[in-house]
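Every number for a ligand or one of its atoms is a count from 1 in the order of the listing.
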Amino acid sequence: MEGVDHLAHERNRSQFDVNDMKIVWAGSREAFEVSDRMSRLVANDPAFRKDNRVHLTRKELFKNTLRKAAYAWKKIIELKLSEEEAGRLRFFVDEPAYTDLHWGMFVPFLKGQGTEEQLQKWLPLAYKMQIIGCYAQTELGHGSNVQWLETTATFDPKTDEFWWPGGLGKVSTHAVVFARLITNGRDYGVHGFIVQIRSLDDHSVLPGITIGDIGVKFGNGAYNTMDNGVMHFDHIRIPRNQLLMRFSQVTREGKYVQSDVPRQLVYGTMVYVRKTIVIDASNALSRAVCIATRYSAVRRQFGSQDGVETQVINYKTQQSRLFPLLASAYAFRFVGEWLQWLYTDVTQRLAANDFSTLPEAHACTAGLKSITTAATADGIEECRKLCGGHGYLCSSGLPELFAVYVPACTYEGDNVVLLLQVARFLVKTVSQLVSGKKPVGTTAYMGRLQHLMESTCKVQKAEDWLNPSIVLEAFEVRSARMSVECAKRLSQFTNQEEGFHELSPSLVEAAVAHCQLIIVAKFIEKLQGDIPGNGVKDQLQKLCSIYALFTLHKHLGDFLSTSTITPKQASLADDQLRSLYAQVRPNAVALVDAFNYTDHYLGSILGRYDGNVYPNLYDEAWKDPMNDTAVPDGYHEYIKPLLKQQLRNSRL
Ligand SMILES: CCCCCCC/C=C/C(=O)SCCNC(=O)CCNC(=O)[C@H](O)C(C)(C)COP(=O)(O)OP(=O)(O)OC[C@H]1O[C@@H](n2cnc3c(N)ncnc32)[C@H](O)[C@@H]1OP(=O)(O)O
Ligand SMILES: Cc1cc2nc3c(=O)[nH]c(=O)nc-3n(C[C@H](O)[C@H](O)[C@H](O)COP(=O)(O)OP(=O)(O)OC[C@H]3O[C@@H](n4cnc5c(N)ncnc54)[C@H](O)[C@@H]3O)c2cc1C
């Protein structure tokens, strides 16, 4: 029945104030207010309808995305929205589009790499969208290995091909292009250039440049709203001052001048985007968990008592699969908040030519991007399975969410390649201990190595696993012992690079251990701070314990093989997990209500706020164009003759 809250009984059981939790999830009352207002603005405007996406052809889909992006831009101007409000509005439009790359990469790269003079020229054009930019760093032959890009920008230019850049295929008028800078016959490595690629008069592609879309990508709808493109340069010329020259210059005479800064600053935009991707992981995972939790509370199957079947959310297996994902969504939210602080801090330090925390910022953004996207991609798929058959329907919202999300494991750095960066950072940290260099930041725990190598876990009963100090030390011991073991095995190789490649699978596991420690540590730190709201902190403490103990359970091999814990202590951790699931159970629906997602944003019949699933699932089916006629296209050509033939055969 419409208008009835079929989940009211679940909401009445919660033991905390969901409105207070909404503020904690949003980050602040102001952030909540902006988010809430923008989500409702989008949800209540039919121009942002998205339930028809899967039925559109690729060209219809793309044109519809252009329409929405233009309409959103008009709204932003008309309503005089702030940068924050505009960003939230685009988020709730919920459709990958060229604007993601314009605002998410092209503008940040200009801001990070341009001189004051270059910013004065290009930023006003970009802010007013008088030019539309993309970020062209990946070639057909090289994406991960940036230093081996083949496009050259010679002081008298030469050629090569770009592949993947979002927004490039059909929309962008300009591109940030990564190319090897060659001047006076010497190759100075990869630098960033701004290149106009289309006419601002008629959008035609400029001479010497070939541009196209790279074709249909994974899944219906999904990332196909984005015109990922291919671009070929053939002897084009750009003005010298379109080399972005904040950190290195080429003089009028062709002389290369490098400021006294690390060359990796050219990678700064990737650090920025990876930081953003971690928060986005909590957005995507929380969306899937919201759908799966509400549906698990609605769905009843087997186990009838008094003629009423059991809610599937009451099955222990359902809880053991769903509640760790709920906890992970909150964990990724808070580590993302901390990463935003780290990024702001490193940016302020760079402005003062303090590069001391650049390695830490790179390692943290690379590693956390890798493990949060991997867990989120797997988590969305798990949420689909948690919804049974209906989870496979596009009307559940889960297939498209999965298809649009999974490239996050690849873009902005392949997850394994990024974990190897973290591994390099850890091996270097351990090797520097010998020389007396004190580790700081997220590796500060390595400074207590002697203690961590000798420490024994203090758990004697299940409740001991609720002690944050015990949990934190267990994760520190596991990580430290894995890093030290890798460093020890590496030292046995005469050729360190060869050793690193030989041991890379174990090094990746050590990198995962370190990054999971960061997530646990930042969740604990969050809870040591002021958490306002009735019952809110208690719920978050449960979720923090669930994230930590589920992660311990999932990586039990590490904890046992490093003798961090004993099998008995592992069993006590399992006992505590089960108890925590039972404690979270009455609060599950309220914990996902706290994400404050509109039904429009969720785009899911299964995840409706009112839980009125079956009538709406049924109605949605009839909307499918397949049901426009009872007799399907093709009946007369292919079915009727077949039936007639079979009938004739049966009479012979
Ligand atoms: C919600 C958001 C939506 C987002 C939509 C996104 C759409 C997608 C866009 C894209 O995909 S854009 C293209 C992204 N491409 C990549 O991420 C490429 C990944 N590859 C790299 O980052 C690098 O090639 C590498 C893997 C880090 C290797 O770097 P390099 O070739 O320079 O060699 P190394 O020897 O490993 O590094 C040298 C030195 O530099 C340090 N370093 C590397 N990267 C950074 C960095 N980003 N910041 C700071 N420092 C960095 C590295 O640690 C080494 O330091 P030392 O060990 O020498 O101290
Ligand atoms: C949806 C989407 C949008 C994108 N948007 C953009 C964009 O806007 N702009 C842009 O420039 N690019 C973009 N990209 C490209 C993206 O950045 C690259 O695909 C990504 O960096 C991975 O690089 P690659 O494709 O070369 O993978 P590869 O590095 O070729 O990876 C292939 C396999 O090799 C493994 N591998 C590679 N190197 C190593 C190593 N050293 N050790 C161990 N294993 C290794 C990887 O782990 C992986 O399993 C996009 C990609 C996608 C999917």
Quick one: ligand 2 N/O to protein N/O pairs below 3.5 Å?
| unit_1 | atom_1 | unit_2 | atom_2 | d |
| --- | --- | --- | --- | --- |
| ligand 2 | 8 (O) | Gly166 | N | 2.9 |
| ligand 2 | 9 (N) | Tyr135 | O | 2.8 |
| ligand 2 | 11 (O) | Tyr135 | O | 3.4 |
| ligand 2 | 11 (O) | Gln137 | N | 2.9 |
| ligand 2 | 11 (O) | Thr138 | N | 2.9 |
| ligand 2 | 11 (O) | Thr138 | OG1 | 3.0 |
| ligand 2 | 12 (N) | Thr138 | OG1 | 2.7 |
| ligand 2 | 23 (O) | Ser144 | N | 3.2 |
| ligand 2 | 23 (O) | Ser144 | OG | 3.3 |
| ligand 2 | 26 (O) | Gly143 | N | 3.1 |
| ligand 2 | 26 (O) | Ser144 | N | 3.2 |
| ligand 2 | 29 (O) | Ser144 | OG | 2.5 |
| ligand 2 | 47 (O) | Asp414 | OD1 | 3.4 |
| ligand 2 | 47 (O) | Asp414 | OD2 | 2.7 |

Donor-acceptor pairs under 3.5 Å, side chain of residues 97-108 to any protein atom, not counting sequence neighbours: which ones?
| unit_1 | atom_1 | unit_2 | atom_2 | d |
| --- | --- | --- | --- | --- |
| Asp100 | OD2 | Ala97 | N | 3.1 |
| His102 | ND1 | Gly133 | N | 2.9 |
| His102 | NE2 | Ala126 | O | 2.9 |

**Message:** Please determine whether a side-chain nitrogen of the Lys or Arg among Asp280 and Lys275 lies less than 4.0 Å from a carboxylate oxygen of the Asp or Glu.
**Reply:** no

Which donor-acceptor pairs under 3.5 Å do the side chains of residues 486-495 make with protein atoms, sequence neighbours left out?
| unit_1 | atom_1 | unit_2 | atom_2 | d |
| --- | --- | --- | --- | --- |
| Ser491 | OG | Lys488 | O | 2.5 |
| Asn495 | OD1 | Glu497 | N | 2.9 |
| Asn495 | OD1 | Glu498 | N | 2.8 |

### Message
When you compare the side chains of His362 and Gln264, does any donor N or O come within less than 3.5 Å of an acceptor on the partner?
### Response
no

Pair [X] + [Y]: ring centers closer than 6.0 Å:
X      : Y      : answer
Phe178 : Phe109 : yes
Phe595 : Tyr330 : yes
Tyr343 : Tyr272 : yes

Practice item. Could you check whether the rings of His174 and Trp122 sit parallel, tilted or perpendicular, using 30° and 60° as the cut-offs? Key: perpendicular

Only residue of Ser39, Ser286, Ser604 satisfying side chain to side chain donor-acceptor pair (under 3.5 Å) with Tyr597 is Ser286

Give a table of atom pairs where an N or O of ligand 1 lies under 3.5 Å from a protein N or O.
| unit_1 | atom_1 | unit_2 | atom_2 | d |
| --- | --- | --- | --- | --- |
| ligand 1 | 11 (O) | Glu412 | N | 2.9 |
| ligand 1 | 15 (N) | Gln137 | NE2 | 3.0 |
| ligand 1 | 17 (O) | Arg274 | NH2 | 2.9 |
| ligand 1 | 17 (O) | Glu412 | O | 3.4 |
| ligand 1 | 17 (O) | Gly413 | N | 3.1 |
| ligand 1 | 20 (N) | Ser144 | O | 2.7 |
| ligand 1 | 22 (O) | Arg274 | NH2 | 3.1 |
| ligand 1 | 24 (O) | Ser144 | O | 2.6 |
| ligand 1 | 24 (O) | Val146 | N | 3.3 |
| ligand 1 | 32 (O) | Arg263 | NH1 | 3.4 |
| ligand 1 | 32 (O) | Arg263 | NH2 | 3.0 |
| ligand 1 | 32 (O) | Tyr267 | OH | 2.9 |
| ligand 1 | 36 (O) | Gln421 | NE2 | 2.8 |
| ligand 1 | 40 (O) | Gln264 | NE2 | 2.7 |
| ligand 1 | 44 (N) | His362 | NE2 | 3.3 |
| ligand 1 | 57 (O) | Lys428 | NZ | 3.2 |
| ligand 1 | 59 (O) | Lys428 | NZ | 2.7 |

